[in-house]
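In what follows, a single structure is set out as structure tokens and then discussed.
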Amino acid sequence: MQLFPCPFCGPRNESEFHFGGDAGNQRPEGFRDVTDGQWTAYLHERNNPKGPANEIWMHLTCGEVFRMERDTVHHRVMRSMALVEGGGDDGMAH
Amino acid sequence: MTRRYSAFALFKEGLNAQKGWQKAWRSPEQKPRYDILIIGGGGHGLATAYYLAKNHNIRNIAVIEKGWLGGGNTGRNTTVVRSNYFFPESTALYEMALRLYETLGRDLNYNIMLSQRGIITLAHSEAEMEMAARTVNAMQINGTDAELFDVEDVRRVLPLINLSPEARYPVFGGVWQGRAGTARHDAVAWGYARAADRLGVDIIQSCEVEEFLVEGGRCRGVRTSRGEIRADRVGMVVAGNSSHLAAKAGFRLPITSYALQACVSEPIKPALDTVVLSPATGTYASQSDKGELVIGGGLDRVPSYGQRGNLPVLEHVVSGLLEMFPSFRQLRLMRQWAGIVDVTPDSSPILGESPLPGLFLNCGWGTGGFKAIPAGGTLLAHLLATGKHHDVSRPFDLERFARGRLIDEAAGSGIAH
């Protein structure tokens, strides 16, 4: 069982977390101006990197959404941080 | 000099102290240029090369593999073959594969140990029984074999299962596909490799792609750890590394990579004569010819390229199996491993030309690539040889994500990928 760091609750079991996709995948703005390609990229295409990744995760037990940098090959977590200002400390030494 | 496997060859070599057997495939030096280059020496890549040579008479082909043949997902799956899908497009695809599997041993002159022992997908509630009836109807309409089983039918094929109404997951019945079964996964890769090699295909191992050669907006080949290889058309068949190579080619795919785990128990005498799958407990199992129980389940919940998997899902899978088969509790697990699978938003594969012209894709099979190997190879060979879609592969083009015409098998048949 791996521990993931929630910025609000500290290190918790991985089974408490839900993967939310790439960080920075912004919904394209402008109803009429959004092309099929932009919409496809937003909805379906993924960076899915092999190595360092920058991702959005949700801690299901506290319901908070946060950003986590981790490596997808050996699963080491570099850091995790709240998406809002003053969101707390993840409590892990990185 | 014995190249063809037969009872006579076995007898002859028996008299000859087994000295005349040849290597199953050559290890040739790469040429600087091929008509068609295939990246990925797994089942799908090797099958593509074989069908290019056999069906389209194109012999100047190379398959390059960064590791060794069948060392990725082909050697890591749980060997189940089946075509119990919901949508007509999917049934056409997987039924094509199952039909090819039925004659593959003869076709390749290689024993793939196909065993059509049937698969039972269990239903654990009245509601699940209704869904099972819907699935059976869909499968029959789509032209594959399916039967709706009640509890007594289940007792007949699974004598050791706990059918008590007080069970944690009481069994109400299930979907039976009698032509499903298992095949020896390594033999499928090796059989295709040997047959493709005999038709003149160059198989080059320990050869990793470093970058794509793009000229005039088209893919013209690759630069590898062993130097440049140029080709008119390139096929990319690298499940578990699809996004990674796509990034090198300059585009993104609708794929997230997850580890999918499997494990085997110690070998026991014959106890399970079919493939059993329980979506509710998230587990499936069959017994190998050696007697081991081969156990698998759902995806890990953490996107990963680490080919090991992690504990929470394994615990869930094993506990689900033991809940249904209490007598398996005394078994010890011998091995556990994981493969990295390409998960698409609609749980269906991607077959077709990539955003980089000249580069063709066969990826996104999720947890179900092994069962599709003969079809994946046939269809990618058709694409590479003609530049056009086969009727069966057309619905699976990458364009479907832009058109919105998804083939959502996770919603349709409730499969675990």
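Just so it is clear: chains get the letters A, B, ... in the order the sequence lines come, proteins before strands, and each one is counted from 1. Given the structure is predicted, the values throughout are model-derived calculations rather than measurements.
Residue Ala247(B) does not touch chain A at all, counting heavy-atom pairs closer than 4.5 Å. Using a 4.5 Å cut-off between heavy atoms, Asn47(A) touches chain B through backbone and side chain atoms alike. Heavy-atom distances place both the backbone and the side chain of Ala41(A) under 4.5 Å from chain B. Contact annotation for Leu406(B): only side-chain heavy atoms (C-beta onward) come within less than 4.5 Å of a heavy atom of chain A. Contacts between Ile255(B) and chain A at a heavy-atom distance below 4.5 Å involve backbone atoms as well as side-chain atoms. Heavy atoms closer than 4.5 Å to chain B are found nowhere in Trp39(A), neither backbone nor side chain.
Between Asn48(A) and Ser243(B) the shortest heavy-atom distance is ND2-OG, 2.7 Å. Taking both residues in full, the closest heavy atoms of Tyr305(B) and Pro49(A) are given as CE1-O, 3.0 Å, listed atom of the first, atom of the second, then distance. In terms of heavy-atom proximity, His44(A) sits nearest to Pro345(B) at ND1-CG, 3.5 Å. For Met1(A) against Pro312(B), the heavy-atom pair with the smallest separation is SD-CG, 3.4 Å.
Considering only heavy atoms from C-beta on, Glu14(A) stays 4.5 Å or farther from Leu311(B) through its side chain. Side-chain contact between Arg252(B) and Asp22(A) is present, with at least one heavy-atom pair separated by less than 4.5 Å. Counting only heavy atoms from C-beta outward, the side chains of Asp36(A) and Phe401(B) never approach each other to under 4.5 Å. Between Val302(B) and Phe17(A) there is no side-chain heavy-atom pair separated by less than 4.5 Å.
Applying the 6.0 Å contact sphere to CZ of Arg218(B) captures more than 12 heavy atoms from other residues, nucleotides or ligands. Arg226(B) CZ: more than 12 foreign heavy atoms inside a 6.0 Å radius. Surrounding CZ of Arg27(A) are at most 12 heavy atoms belonging to other residues, nucleotides or ligands under 6.0 Å away.
Contacts with chain A were tallied for Ala259(B), Gly404(B), Ser257(B), Ser242(B); Ser257(B) has the most, counting heavy-atom pairs under 4.5 Å. Contact count against chain B (heavy-atom pairs under 4.5 Å) is highest for Arg46(A) among Arg46(A), Gln2(A), His18(A), His75(A).
Note that CD of Glu315(B) and OG of Ser15(A) are 9.0 Å apart. Values are rounded to the nearest 0.5 Å. With rounding to the nearest 0.5 Å, the separation of CD1 in Ile340(B) from NZ in Lys50(A) is 8.5 Å.
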